[in-house]
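On a predicted model such as this, the values are computed, not experimentally measured, just so you know. Computed from heavy atoms alone, side chains included, the values below leave out hydrogens, waters and symmetry copies.
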Amino acid sequence: MGSKLSGPGGQGGKTIEQNADINVTPFVDIMLVLLIIFMVAAPMATVSIRLDLPPATPPPPGVVKEPVYITIQDTGSIFIAAKQTTIETLTADVCEALAVATNCKEERVFVRAQPDVKYDQFMEVMNALQEDGYYKVGLLNEDIE
């Protein structure tokens, strides 16, 4: 807050009026510093994520393969399509269900679990697939209404 002395015409030149204007210079200085900080920090906040996008050309018609679904039930039973399997024979049964003459570990496999499946049952299946070299695993979730 500043003060203003009156000019030579009023009450002998001795009156003092207060100036109630806001000094915005420090505010502008702080805003410019914050602007520079955000301009420098913004490029550092971006993170690159590798995405495996499908090819731009669709597969030729008639060569559509049905995906292989591994279903884990809340009782601990594991099914590949309609065939029941165990954790010991899971990877062999997955390769058989894929029916691929070449490397079946390069094909995508989908895993879905019922809502009441315990986490350790789910992770047991995931670990068995990963240990045998199945790295293209998709997880499915059905909406529960």
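- Atom NZ of K105 and atom SG of C95 lie 7.5 Å apart (nearest 0.5 Å).
- Residues V28 and I37 fall into different hydrophobic clusters, defined by Ile, Leu, Val, Met, Phe, Trp and Tyr side chains chained together at heavy-atom separations under 4.5 Å.
- Pairs passing the side-chain hydrogen bond (donor to acceptor under 3.5 Å, both in side chains) check and including a residue from residues 111-134, sequence neighbours excluded, read T71-R112, T91-D132.
- Taking hydrophobic clusters as Ile, Leu, Val, Met, Phe, Trp and Tyr residues chained together by side-chain heavy-atom distances below 4.5 Å, V24 does not share a cluster with L32.
- Rounding to the nearest 0.5 Å places CZ of F27 at 10.0 Å from CD1 of I22.
- Atom CD1 of residue I72 and atom CD1 of residue I70 lie 7.5 Å apart, to the nearest 0.5 angstrom.
- Each side-chain hydrogen bond (donor to acceptor under 3.5 Å, both in side chains) pair with one or both residues in residues 72-88, not counting sequence neighbours, appears once here: T75-S77, K83-D93, T85-T89, T85-D93, T86-E88, T86-T89.
- Hydrophobic clustering (side-chain heavy atoms under 4.5 Å, transitive across Ile, Leu, Val, Met, Phe, Trp, Tyr) keeps Y135 apart from V109.
- Residues passing the side-chain hydrogen bond (donor to acceptor under 3.5 Å, both in side chains) test with D29: none are found, sequence neighbours excluded.
- With sequence neighbours left out, F110 forms a ring-ring contact (aromatic ring centres under 6.0 Å, His included) with Y69.
- With hydrophobic clusters built from ILVMFWY side chains whose heavy atoms lie under 4.5 angstrom apart, F79 does not share a cluster with V137.
- When side chains are defined from C-beta on, E106 counts as touching K136, because their heavy atoms get closer than 4.5 Å.
- In this structure, L35 belongs to a hydrophobic cluster whose other members, linked by side-chain heavy atoms under 4.5 Å apart, are M39.
- Contacts of V68 classified as side-chain contact (heavy atoms from CB on, under 4.5 Å), with partners at least two apart in sequence or in another chain: I80, A97, L98.
- Both L90 and M123 are part of a single hydrophobic cluster, where members link through side-chain heavy atoms under 4.5 Å apart.
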